[in-house]
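Just the heavy atoms: all of them, side chains too, but no hydrogens, waters or symmetry mates, feed the values below.
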Amino acid sequence: MSHPVWAKPFRSLTHGGLLSVATLLAFAPLSARAYDLDSLPAPPPGTVHLSPLEITREGLDFRGSQGFLFVPENRAVPDSRTIAVHFMFFPAKEESGLGPVFYLPGGPGDYYDERRFYEYYGGERARLWTTELTALNRYRPLVIVNQRGNSRAPGFLPSLRCRVEQAPLDRAENENSAGLRYTSGLESAIAYWTERGFDLAGYDILNISHDLEDLRIALGYDRIALRGGSFGSQWAFAYMEQWPERVDYAVLSGVEPLDYAYDHPQHIWNTVLRVDSLVNEQTGAARILAEHGGIAGAIRKLVSTLQSETRTVTIADEDGDSVAVVLGAYDFQQSLMSEEIETWPRFLAELLAGDYRYLASRVIEARHDRDGGLLIEWLIDNSLGVSAEREAEMLAAPARDWLGDPNFHYAASRGVTPTPVMPDAMRASARSRNLPVVMIHGDLDFSTPIENAEWVLDRFPNAKLIPVRNGGHSAVWDALRARPEWIDDFSSLLTDLERPIQTPDNAPDSDPSTADRRILTLSPPVFDVETGVSLYEELLRDE
């Protein structure tokens, strides 16, 4: 195994604060292999290692560099060891003198590398993503930053994941038993990696946002713009709150304010009601649930039924052998929220008619899945935490009766993870409140309900919300998929944001109700009302 060539600290190579593209491309190529940190001399923090990167196939034209910024694993600990953060850099297509836009993946756990430009989710999502990147990259350099500790991304870390025990099939699972399973697996993973020298307390929201500041310094820019979706928006808010003077603006989707890592049950239920309204507008879908009170009535009825009496269902496993599984309300609630909403009327109608086979197949798969996810999903999310006031409000939400507690895994695991919890004062977003923030958010988003964005709109005087009616969690891509010409509007939005930035000293008083609320309306989903063959029979046929 050949050792990589370490570059000198980036800041010692700058000229006038900014490296030229020629300098960026001058370093030795990166090895594609991962390295054991303990077997290599650690470069000092601030060191950058780069290699050329050209993505020019299939009509793409992104030419720049990819590399690693070396940072302390835990900035709260003197002499902390050094870890690597992967990023990609592409100079602006048209030179404008503006600082870069930092593109922040969601998750935690999402990532972007060279392959994603071609293969991301099978092709279509790669096309939508690169269309957006092209618009962002026109006047600003583009910097795509991956999360520290994300073993899916290129880097120097092993697979920081956790495993969970399989759940038994002979009794219904609930939030308590599922929480114990996840927590036990998480405890084992934390012990395993801690014994091997990892300081897991450093994989928190404060360190990960500080990585962005160190990268800004290393690249030599005074100010940056931010583009984040889902957790990427929280990452952006965390950076803005700590270094507001370094931010020109932020463009966010799937918005999660800093105190919104926990999902509000009532806001999720509001989204259910919006789906219910759309179902009622489609005659066929409305008809099959009419006697049960639509989507909302069907959910209430099924939860009540399964809370009072479990169901034992026998189906064939993948080997053709019979297997029985006991189903309860928790199983239904979890499966519903992972099911495509287009299938909801049919899924609910079959259950109400007594056909639980499709649900049973989904539950068996879930209980046998031992993948507990990436450690950073747990570490970073639990470092975000939640204010006591907001948690009390969520626990009192009536919608918990029908949806359960969407945050049970956080409540079960937050006493286990070693990452420090973000201070309550930081969740108030007081320092960043005057920054320009544009939010593009779907009203059918269950992961991050649109009420999240409305909270920001009411508190940030320079915020704008563009609701995407009938859009989901990836509202920007939903818009581009349905209306490719919308990229012109998106590009115009970016151009508008390049105007002189208002500061807290010169920002005018603003009534949040007068903020820009341009609305983009997409065609509603077409709901599945097939009645000739069951979802379970379709599943067997597809397999």
Side-chain angles (χ1 to χ4, degrees), residues 121 163-182 185 263 268 271-272 275 279 285 288-289 292 295-296 298-307 309-373 377 402-406 408-409 444 446-447 472-473 525 527-543:
Y121 287 93
R163 299 276 283 171
V164 298
E165 292 298 322
Q166 292 184 344
L169 300 180
D170 60 357
R171 58 182 180 270
E173 192 162 38
N174 56 47
E175 291 168 358
N176 289 335
S177 61
L180 288 172
R181 271 201 309 133
Y182 286 124
D263 295 320
I268 297 174
T271 311
V272 170
V275 174
V279 167
I288 66 174
L289 291 175
H292 304 288
I295 292 287
I299 292 172
R300 291 190 183 98
K301 187 173 295 187
L302 285 163
V303 169
S304 296
T305 297
L306 290 168
Q307 283 176 337
E309 184 179 0
T310 60
R311 292 288 188 274
T312 300
V313 182
T314 301
I315 60 173
D317 65 13
E318 58 186 14
D319 298 321
D321 298 326
S322 294
V323 57
V325 57
V326 179
L327 307 174
Y330 167 87
D331 298 308
F332 164 67
Q333 291 162 335
Q334 294 296 303
S335 295
L336 176 72
M337 298 313 297
S338 63
E339 191 73 23
E340 296 291 337
I341 62 172
E342 288 84 354
T343 311
W344 275 15
R346 188 175 170 198
F347 177 53
L348 295 170
E350 288 185 3
L351 291 173
L352 289 164
D355 186 351
Y356 284 81
R357 292 175 299 169
Y358 178 72
L359 175 59
S361 67
R362 297 287 306 277
V363 169
I364 291 171
E365 181 181 8
R367 293 196 200 170
H368 282 175
D369 186 2
R370 299 195 60 199
D371 183 9
E377 297 178 53
W402 314 118
L403 295 176
D405 183 0
F408 75 89
H409 51 299
L444 299 185
F446 285 95
S447 297
H473 190 51
F527 295 100
D528 182 1
V529 295
E530 172 64 51
T531 57
V533 61
S534 70
L535 288 168
Y536 177 68
E537 290 164 334
E538 277 190 3
L539 184 65
L540 293 180
R541 185 174 61 193
D542 292 341
E543 291 176 348

Min side-chain heavy-atom separation [X]-[Y] under 4.5 Å:
X: Glu339; Y: Arg362; answer: yes
X: Arg357; Y: Leu539; answer: no
X: Trp402; Y: Val272; answer: no
X: Leu403; Y: Val303; answer: no
X: Tyr356; Y: Leu327; answer: yes

Trace of the side chain to side chain contact (heavy atoms under 4.5 Å, CB included) decision for Asp331 with Leu306:
CA-CA 9 Å; Asp331 298 308; Leu306 290 168; over 6 Å; no
CA sep, side-chain torsions, deciding dist, call: Phe332, Ile299, side chain to side chain contact (heavy atoms under 4.5 Å, CB included):
CA-CA 9 Å; Phe332 164 67; Ile299 292 172; 4.2 Å; yes
I need the minimum non-hydrogen distance between [X] and [Y], along with the two atoms involved.
X: Gln307; Y: Ala329; answer: CG-CB, 3.6 Å
X: Ala172; Y: Arg367; answer: CA-NH2, 3.8 Å
X: Gly404; Y: Gln333; answer: N-NE2, 3.4 Å
X: Glu342; Y: Pro525; answer: OE2-CB, 3.7 Å
X: Thr310; Y: Gly328; answer: CG2-CA, 4.4 Å
X: Ala285; Y: Phe527; answer: CB-CB, 3.9 Å

Please tell me whether Ser177 and Arg171 have a donor and an acceptor in their side chains that are separated by less than 3.5 angstrom.
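No, no side-chain donor-acceptor pair sits under 3.5 Å.
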Could you go step by step and tell me if Tyr358 and Ser361 meet the side chain to side chain contact (heavy atoms under 4.5 Å, CB included) rule?
CA-CA 5 Å; Tyr358 178 72; Ser361 67; 4.2 Å; yes
Can any side-chain N or O of [X] pair as donor or acceptor with the backbone N or O of [Y] at less than 3.5 Å?
X: Glu175; Y: Asp405; answer: yes
X: Arg370; Y: Val164; answer: yes
X: Arg346; Y: Glu530; answer: yes

Run the numbers on Leu348 and His292 for side chain to side chain contact (heavy atoms under 4.5 Å, CB included), then give the verdict.
CA-CA 10 Å; Leu348 295 170; His292 304 288; over 6 Å; no
For the residue pair Tyr330 and Phe408, does the interplanar ring angle fall in the parallel (under 30°), tilted (30 to 60°) or perpendicular (over 60°) class?
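Taking Phe408 first and then Tyr330, their aromatic rings stand perpendicular (interplane angle over 60°).
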From His409, Glu173, Glu165, Gln166, residue fulfilling side chain to side chain donor-acceptor pair (under 3.5 Å) relative to Arg181:
Glu173
Is the number of heavy atoms from other residues, nucleotides or ligands under 6.0 Å of Tyr182 OH greater than 12?
no
Salt-bridge present (Glu537, Arg541; N to O < 4.0 Å):
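Result for this pair is no, no salt bridge flagged.
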Considering the options Ile315, Leu359, Asp369, which one meets the side chain to side chain contact (heavy atoms under 4.5 Å, CB included) requirement together with Ile364?
Ile315
Nearest 0.5 Å please: distance from the [atom1] atom of [X] over to the [atom2] atom of [Y].
X: Met337; Y: Asp263; atom1: CE; atom2: CG; answer: 9.0 Å
X: Leu336; Y: Thr343; atom1: CG; atom2: OG1; answer: 10.5 Å
X: Leu535; Y: Glu350; atom1: CG; atom2: CD; answer: 4.0 Å

